[in-house]
Amino acid sequence: MTNNIDIEGLAVGHLKTLFSKIGCLRAVINDNDKEPIWDGYIYVYEYNTKQRSNEDLKGRIPIQVKGHIEKDIYSGNNKIPSYKFDVTNLKNYLNDGGVLFFVVTFDENGENEKVFYKKLLPYDLNKILKNVGNKKTKTLPLDFLPKNKEKIIELFFNFINDKQNQKITLDNINFNDIINNHKNIVLSFVTFNKDYKAAFDYVLNNDIYIYTKTEYGSLLPIEHIKNVSEVSQEVNADVKIGEKVYYTKIKMAFLPADTVEVRIGKSLTIRANMKEKTQKLTFKLSGTLLNEIDDLNFMIDSIKNNGFKINENLFDFTQTDINKSSGFNIIEMEKYLLELCRIKKLLEECNVYEELNIDKLTTKDFLNLKELADGILDNKLIELNTKTTGLGIFNIGNLKILLLVIQDEITNKFQLCNYYDCPVPVKMNNNNTGEVWECPIFLILNKEYLKSISNLNENFIVRTLNNMTFTPNISAQVSHFLLNILNAYDESAGKKKNLLTLSKNIINIIQANDIYLPKTYLLLNKLQIVKRERELTKEERYELNLVIKNNSNDDFFLSGAYILLDEYYTAEQHLKNLTNFQQKEFKTYPIYKFLRKHKEVNNEQTKV
């Protein structure tokens with residue numbers, strides 16, 4: 001059995017020998033653990049240098065070397081190499097700007113060596129240490145050191161390059177935000193492989209850091225990507241048959257093994273292997289209802305016209321076996337297209353403008369679609385598992401369609417109607433006064449309906465309210481409806497943007513037509529809608545201070561005004577002046593959302 005010092009010495013000796021065979025590298029490594037943490041440096045010189053002069057020096061890389069008996073370096077049964085690092089050492093690596101960590105394994109006879117490494121640069125070290133908590137050690141996976149000489153050289157050159165680019169790192173940079181906001185994205189790497197024809201060739205075969213360029217010209221790392229399966233980009237291109245343009249963009253995807261894919265729409269892919277000079281067309285319907293309709297129309301027309309053009313480049317079906325393929329039955333495709341168009345007409349009739357993810361529909365969803373089409377498009381009576389006339393929701397995939405179902409007295413089957421086309425007047429009554437009045441059916445929709453249904457029909461609601469005569473009862477109903485909309489918007493976590501837009505339209509209608517509600521009440525509701533979109537202006541805050549000045553004895557209004565001013569402590573003091581019943585009621589109002597969120601944040605900070 002080889003002792004520990006021998007193993008460390010063997011490891012250092014093996015690396016020295018390995019790197020001495022590469023002309024642009026010079027290993028200066030101490031053995032027997034003479035230095036704390038670090039064991040030496042790899043000096044990197046100009047590629048293909050004939051002499052290692054100071055003028056050719058590109059930089060030096062701090063390294064640490066560990067030797068192990070082979071069975072000690074693997075995790076579990078999958079023989080995934082890993083190493084348990086001291087967190088203190090990781091912090092020291094970060095302070096020094098990074099380290100290349102090597103592990104050399106041997107069998108029990110000190111032979112059959114394998115070399116692993118871990119590239120630890122500031123971006124990765126920051127992420128590791130941020131999530132390590134109170135642990136004293138952190139186990140990290142290792143990578144096999146390439147056997148290819150040029151790959152080893154690239155590893156060292158890129159370490160120096162990335163270390164230089166990572167002198168500044170920030171924890172709070174979000175990669176998706178940078179991409180979505182079209183900020184400056186920089187790929188920075190070094191390669192000596194002449195087979196790489198473009199940047200994506202390198203990215204597909206190596207790990208790489210992505211940087212954003214600041215206004216001062218410096219780089220900030222925002223992501224470290226590994227094992228990239230493809231590099232793709234959207235390209236402006238006219239896909240046409242004759243003079244008719246079907247698409248104005250395509251996606252180009254570059255894959256390993258000299259493979260390129262051209263993706264048209266959501267369903268059509270042309271895969272070409274540049275080395276073997278082969279290409280294959282695949283058509284598989286996917287995406288939303290509208291995607292499938294567009295793609296089917298295009299594919300049917302392409303088959304009928306023996307191909308299509310991308311800009312002026314012809315994809316000629318007569319040069320392929322596409323028309324002979326059993327996968328392209330044009331009669332079946334046209335039949336399915338008619339079915340999809342019927343579904344589209346049905347959703348338009350129901351005022352559904354959310355996209356239907358048709359490729360994820362179940363058998364039950366298709367049965368519901370048929371039933372709905374029979375009732376809405378063909379005016380057939382439908383059998384339903386209900387016994388009374390009323391509102392009901394049809395679930396179809398990702399859509400929830402609200403309908404009015406009216407029972408036929410003769411057959412006991414049901415007529416299906418759009419709820420906003422309700423043929424039966426909706427009558428409301430006031431239990432206290434005995435008053436009865438008619439109202440639009442949408443005013444009885446509760447928060448649960450508002451946040452879930454896909455056919456709200458905001459235009460109909462706004463148009464109806466604009467044409468209504470406000471009475472005290474209608475005024476109270478519309479006000480309650482507005483609060484339900486805001487609560488539904490909040491519970492959707494801001495996803496239902498249409499609800500916030502609708503609330504803005506309704507508060508404007510109320511302010512213009514309602515003579516019954518207090519102006520202070522309307523102002524607080526208008527500003528709580530505004531506050532969901534942006535910070536209040538100086539003028540709006542002044543209006544709230546006037547509310548406080550002019551309503552010094554109204555704890556409802558004072559609580560609301562102070563909440564909107566972010567003066568939460570004072571708001572809570574006024575809330576305490578209300579009765580228990582009033583406090584409970586106030587906490588159901590959408591304005592209380594801001595105080596609730598403030599308290600949740602404070603509680604989280606207290607826990608930390």
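Please read these numbers as outputs of a predicted model, since none were measured by experiment.
In terms of modelled atom types and a separation under 3.5 Å, the side chain of Asp107 and the main chain of Asn109 share a donor-acceptor contact. Judged by distance alone, with hydrogens and angles left aside, the side-chain atoms of Thr259 form no donor-acceptor pair with the main-chain N or O of Leu255 at under 3.5 Å. Judged by distance alone, the side chain of Asn291 and the main-chain N or O of Thr288 form a donor-acceptor pair under 3.5 Å. Not a single donor-acceptor pair under 3.5 Å links the side chain of Asp124 to the backbone N or O of Leu120. Under a 3.5 Å cut-off, the side chain of Lys118 and the backbone N or O of Pro141 do form a donor-acceptor pair. Between the Asn329 side chain and the Ile331 main chain, a donor and an acceptor come within less than 3.5 Å of each other. A distance-only check finds a donor-acceptor pair linking the side chain of Ser267 to the backbone of Ser286 [under 3.5 Å]. Checked by atom type and distance alone, the side chain of Asn273 pairs as donor or acceptor with a backbone atom of Glu276 at under 3.5 Å. For the pair Asn398 (side chain) and Glu355 (backbone), a donor-acceptor distance under 3.5 Å is present. One N or O on the side chain of Asn148 and one on the backbone of Lys151 form a donor-acceptor pair closer than 3.5 Å.
Closest of all the heavy-atom pairs between Ala11 and Val65 is CB-CG1, 3.9 Å. Pro62 approaches Trp38 most closely through the heavy-atom pair CB-CD1, 3.7 Å. Between Lys119 and Leu100, the shortest heavy-atom distance links the atoms CA-CD2, 3.9 Å. Between Asn158 and Val190 the shortest heavy-atom distance is OD1-N, 2.6 Å. Counting all heavy atoms, side chain and backbone alike, Arg342 lies closest to Ala373 at NH2-CB, 3.6 Å. Shortest non-hydrogen contact noted between Ile376 and Cys350 is CG1-SG, 4.2 Å.
Expressed to the nearest 0.5 Å, how far CD of Glu292 lies from CG of Leu356 amounts to 9.0 Å. To the nearest 0.5 Å, atoms CD1 (Ile42) and NZ (Lys16) are separated by 10.0 Å. Considering CD1 of Ile330 and CD1 of Ile303, their distance stands at 5.0 Å, rounded to 0.5 Å. Between the CD1 atom in Ile396 and the NZ atom in Lys364 there is a gap of 11.5 Å [rounded to 0.5 Å]. Between Thr139 atom OG1 and Phe85 atom CZ the span is 9.0 Å, to the nearest 0.5 Å. Taking CG of Leu347 as the reference point, atom CD1 of Ile343 lies at 7.5 Å (rounded to 0.5 Å).
Residues passing the salt bridge (Lys or Arg N to Asp or Glu O under 4.0 Å) test with Lys58 are Glu46, sequence neighbours excluded. The ring pair (Phe, Tyr, Trp, His ring centres under 6.0 Å) check on Tyr47 picks up Phe192, with sequence neighbours excluded. Residues forming a side-chain contact (heavy atoms from CB on, under 4.5 Å) with Leu314 (at least two apart in sequence, or on another chain): Lys309, Asp316.
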Original post:
Does the side-chain contact (heavy atoms from CB on, under 4.5 Å) test come out yes or no for Ser232 and Phe254, once each step is laid out?
Top reply: CA-CA 6 Å; Ser232 62; Phe254 302 93; over 6 Å; no
**OP:** Please report the C-alpha distance between Lys304 and Ile300 in whole Å, then the side-chain angles of each, then the deciding distance to 0.1 Å, and finally whether the side-chain contact (heavy atoms from CB on, under 4.5 Å) criterion is met.
**Re:** CA-CA 6 Å; Lys304 289 180 176 179; Ile300 290 168; 3.8 Å; yes
Original post:
Passes side-chain hydrogen bond (donor to acceptor under 3.5 Å, both in side chains), Glu348 versus Tyr353? Steps please.
Top reply: CA-CA 7 Å; Glu348 288 172 350; Tyr353 292 103; over 6 Å; no
**OP:** For the pair Phe116 and Val104, evaluate side-chain contact (heavy atoms from CB on, under 4.5 Å) and give the outcome as yes or no after the intermediate values.
**Re:** CA-CA 6 Å; Phe116 306 100; Val104 185; over 6 Å; no
**OP:** Show the numbers, then the answer: is there a side-chain contact (heavy atoms from CB on, under 4.5 Å) between Lys138 and Leu90?
**Re:** CA-CA 9 Å; Lys138 176 66 177 177; Leu90 293 176; 4.1 Å; yes
Original post:
side-chain hydrogen bond (donor to acceptor under 3.5 Å, both in side chains) between Glu261 and Thr269: does it pass, once the steps are laid out?
Top reply: CA-CA 7 Å; Glu261 284 189 352; Thr269 301; 4.9 Å; no
Original post:
Under the salt bridge (Lys or Arg N to Asp or Glu O under 4.0 Å) criterion, do Glu354 and Lys496 qualify, and how do the steps go?
Top reply: CA-CA 11 Å; Glu354 286 186 36; Lys496 291 271 188 175; 3.3 Å; yes
**OP:** Using the salt bridge (Lys or Arg N to Asp or Glu O under 4.0 Å) rule, take Lys251 and Glu234 through it: C-alpha gap first, then chi angles, then the decisive distance, then the call.
**Re:** CA-CA 4 Å; Lys251 182 170 278 189; Glu234 200 170 57; over 6 Å; no
**OP:** Carefully, step by step, assess Lys400 and Asn455 under the rule side-chain hydrogen bond (donor to acceptor under 3.5 Å, both in side chains).
**Re:** CA-CA 8 Å; Lys400 293 182 182 294; Asn455 60 327; over 6 Å; no
**OP:** Could you walk me through whether Phe157 and Tyr45 pass ring-ring contact (aromatic ring centres under 6.0 Å, His included), step by step?
**Re:** CA-CA 9 Å; Phe157 270 81; Tyr45 296 86; 10.0 Å; no
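Ile264 has its side chain within reach of Val239: a pair of non-hydrogen atoms, C-beta onward, lies under 4.5 Å apart. Contact check for Leu369 versus Phe366: side-chain heavy atoms found under the 4.5 Å cut-off. Between Leu142 and Tyr117 the shortest side-chain heavy-atom distance does not fall below 4.5 Å. Looking at Ile310 and Lys240, their side chains never come closer than 4.5 Å, going by heavy atoms from C-beta outward. In this structure the side chain of Met299 reaches within 4.5 angstrom of the side chain of Leu268, judged on heavy atoms. Side-chain contact between Tyr489 and Thr501 is absent, with no heavy-atom pair separated by less than 4.5 Å. Val44 has its side chain out of reach of Leu57: every pair of non-hydrogen atoms, C-beta onward, lies at least 4.5 Å apart. No side-chain heavy atom of Leu285 sits less than 4.5 Å from a side-chain heavy atom of Asp359.
Looking only at atom types and distance, the side chain of Tyr211 has no donor-acceptor partner in the side chain of Glu223 under 3.5 Å away. In this model, no donor atom of one side chain and acceptor atom of the other lie less than 3.5 Å apart for Lys226 and Asn206. No hydrogens or angles considered: a donor-acceptor pair under 3.5 Å links the side chains of Asp295 and Tyr247. Gln64 and Asp39 share no side-chain donor-acceptor pair at under 3.5 Å.
Put simply, the residue from Leu219, Leu220, Leu121 that forms a side chain to side chain contact (heavy atoms under 4.5 Å, CB included) with Asn165 is Leu219.
Checked against the 6.0 Å centroid threshold, Tyr123 and His224 do not count as a close aromatic pair.
No more than 12 heavy-atom neighbours from other residues, nucleotides or ligands sit within 6.0 angstrom of CZ on Arg26.
Between Tyr83 and Phe101, the two ring planes are tilted [angle within 30° to 60°].
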